[in-house]
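In what follows, a single structure is set out as structure tokens and then discussed.
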Amino acid sequence: MKLSNNLTNETLIDTYKAQGFDVDQIVVISEGLRQNVDVTVYAHKHFTYKQMRALKDGLLLGFDMQPFAKANLSYEQIRNEIEDLIFAGKCTLPIHEINAYLEYLETIGEY
């Protein structure tokens, strides 16, 4: 897939590797690129891979995650913010997709 700036995802991944991201962080960045998520929201070395994954998941659910990326929140706090948004009715995804997200959290042990 070519991006608007003519860089391939592989080239972007190589750039993040050269910047010193660890393997787990690279995995989350790669997933986001494949899922057409704006990885610039969470592709910062100061985030743990769990924080990055939580931010990515929020983006996939259609939420503006910039405020949570700017705050110094733990991944648990980010997950709680996403849950609050979901249960406040802010998620416009069909219920089966929301349920799939919640099941995914149980699978990875973060719910």
Side-chain angles (χ1 to χ4, degrees):
M1 172 186 140
K2 286 278 190 183
L3 301 176
S4 60
N5 60 2
N6 291 326
L7 293 176
T8 64
N9 287 352
E10 191 173 304
T11 302
L12 286 171
I13 293 300
D14 288 343
T15 301
Y16 287 116
K17 286 178 182 176
Q19 291 175 14
F21 285 84
D22 69 34
V23 172
D24 293 324
Q25 291 170 316
I26 292 295
V27 168
V28 179
I29 293 169
S30 298
E31 290 170 355
L33 289 170
R34 281 193 308 276
Q35 295 168 316
N36 293 316
V37 170
D38 180 6
V39 300
T40 62
V41 171
Y42 63 82
H44 302 282
K45 287 190 283 184
H46 67 274
F47 288 131
T48 67
Y49 80 93
K50 285 185 174 185
Q51 289 170 304
M52 293 170 81
R53 186 170 58 203
L55 291 166
K56 175 185 68 76
D57 292 344
L59 291 167
L60 286 169
L61 289 167
F63 298 128
D64 175 11
M65 298 306 291
Q66 283 289 356
F68 308 117
K70 291 179 182 173
N72 191 19
L73 302 176
S74 69
Y75 83 92
E76 295 97 340
Q77 291 170 311
I78 297 168
R79 291 280 185 216
N80 288 336
E81 293 291 342
I82 293 169
E83 184 178 310
D84 289 348
L85 290 169
I86 289 171
F87 292 114
K90 305 281 185 188
C91 187
T92 58
L93 292 176
I95 193 70
H96 72 275
E97 290 186 37
I98 295 170
N99 286 338
Y101 166 73
L102 296 174
E103 288 173 15
Y104 154 76
L105 291 182
E106 283 185 37
T107 302
I108 64 172
E110 292 184 17
Y111 182 71

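We use all heavy atoms of the structure for the numbers below, so side chains are in, but hydrogens, waters and symmetry mates are not.
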Single-linkage hydrophobic cluster V27~Y104, side-chain heavy atoms < 4.5 angstrom
no
Shortest non-hydrogen separation from D24 to D22 and the atoms involved
N-OD1, 3.0 Å
So for atom CG, which belongs to N72, do other residues, nucleotides or ligands contribute more than 12 heavy atoms lying within a distance under 6.0 Å?
no
Go through the steps to decide whether I108 and R53 satisfy the test side chain to side chain contact (heavy atoms under 4.5 Å, CB included), and finish with yes or no.
CA-CA 11 Å; I108 64 172; R53 186 170 58 203; 3.7 Å; yes
Just jot down the side chain to side chain contact (heavy atoms under 4.5 Å, CB included) partners of K45, sequence neighbours excluded, or say none.
F21
For L33 versus V39, what's the shortest heavy-atom pair and its separation?
N-CG1, 3.8 Å
Between E76 and S74, does a side chain to side chain donor-acceptor pair (under 3.5 Å) hold up when you go through it step by step?
CA-CA 5 Å; E76 295 97 340; S74 69; 3.1 Å; yes
Go through the steps to decide whether Y42 and K56 satisfy the test side chain to side chain contact (heavy atoms under 4.5 Å, CB included), and finish with yes or no.
CA-CA 7 Å; Y42 63 82; K56 175 185 68 76; 3.6 Å; yes
Do other residues, nucleotides or ligands put more than 12 heavy atoms under 6.0 Å from E10 CD?
no
CG-CG distance between L61 and L85, expressed to the nearest 0.5 angstrom
9.5 Å
Is there a path from L12 to L55 through hydrophobic residues (I, L, V, M, F, W, Y) whose side chains come within less than 4.5 Å of each other?
yes
Taking all non-hydrogen atoms of both residues into account, name the closest pair between C91 and F63 and its distance.
CB-CZ, 3.5 Å
Passing candidate, side chain to side chain contact (heavy atoms under 4.5 Å, CB included) with M65, options D57, D38, L59, L60:
L59
Within one Ile-Leu-Val-Met-Phe-Trp-Tyr cluster: Y75 and I82, side-chain cutoff 4.5 Å
no
Q51 versus L73, closest heavy-atom pair with distance
NE2-O, 2.6 Å
Parallel, tilted or perpendicular, as decided by the 30° and 60° cut-offs, for the rings of F47 and H44
perpendicular
Non-hydrogen side-chain atoms of I13 and K17 separated by less than 4.5 Å:
yes
To the nearest 0.5 Å, what is the distance between CG on D84 and CD on Q77?
11.5 Å
Looking only at non-hydrogen atoms, find the nearest pair between I29 and A43 and report the distance.
CD1-CB, 3.9 Å
To the nearest 0.5 Å, how far apart are NE2 in H46 and CD in Q25?
10.0 Å
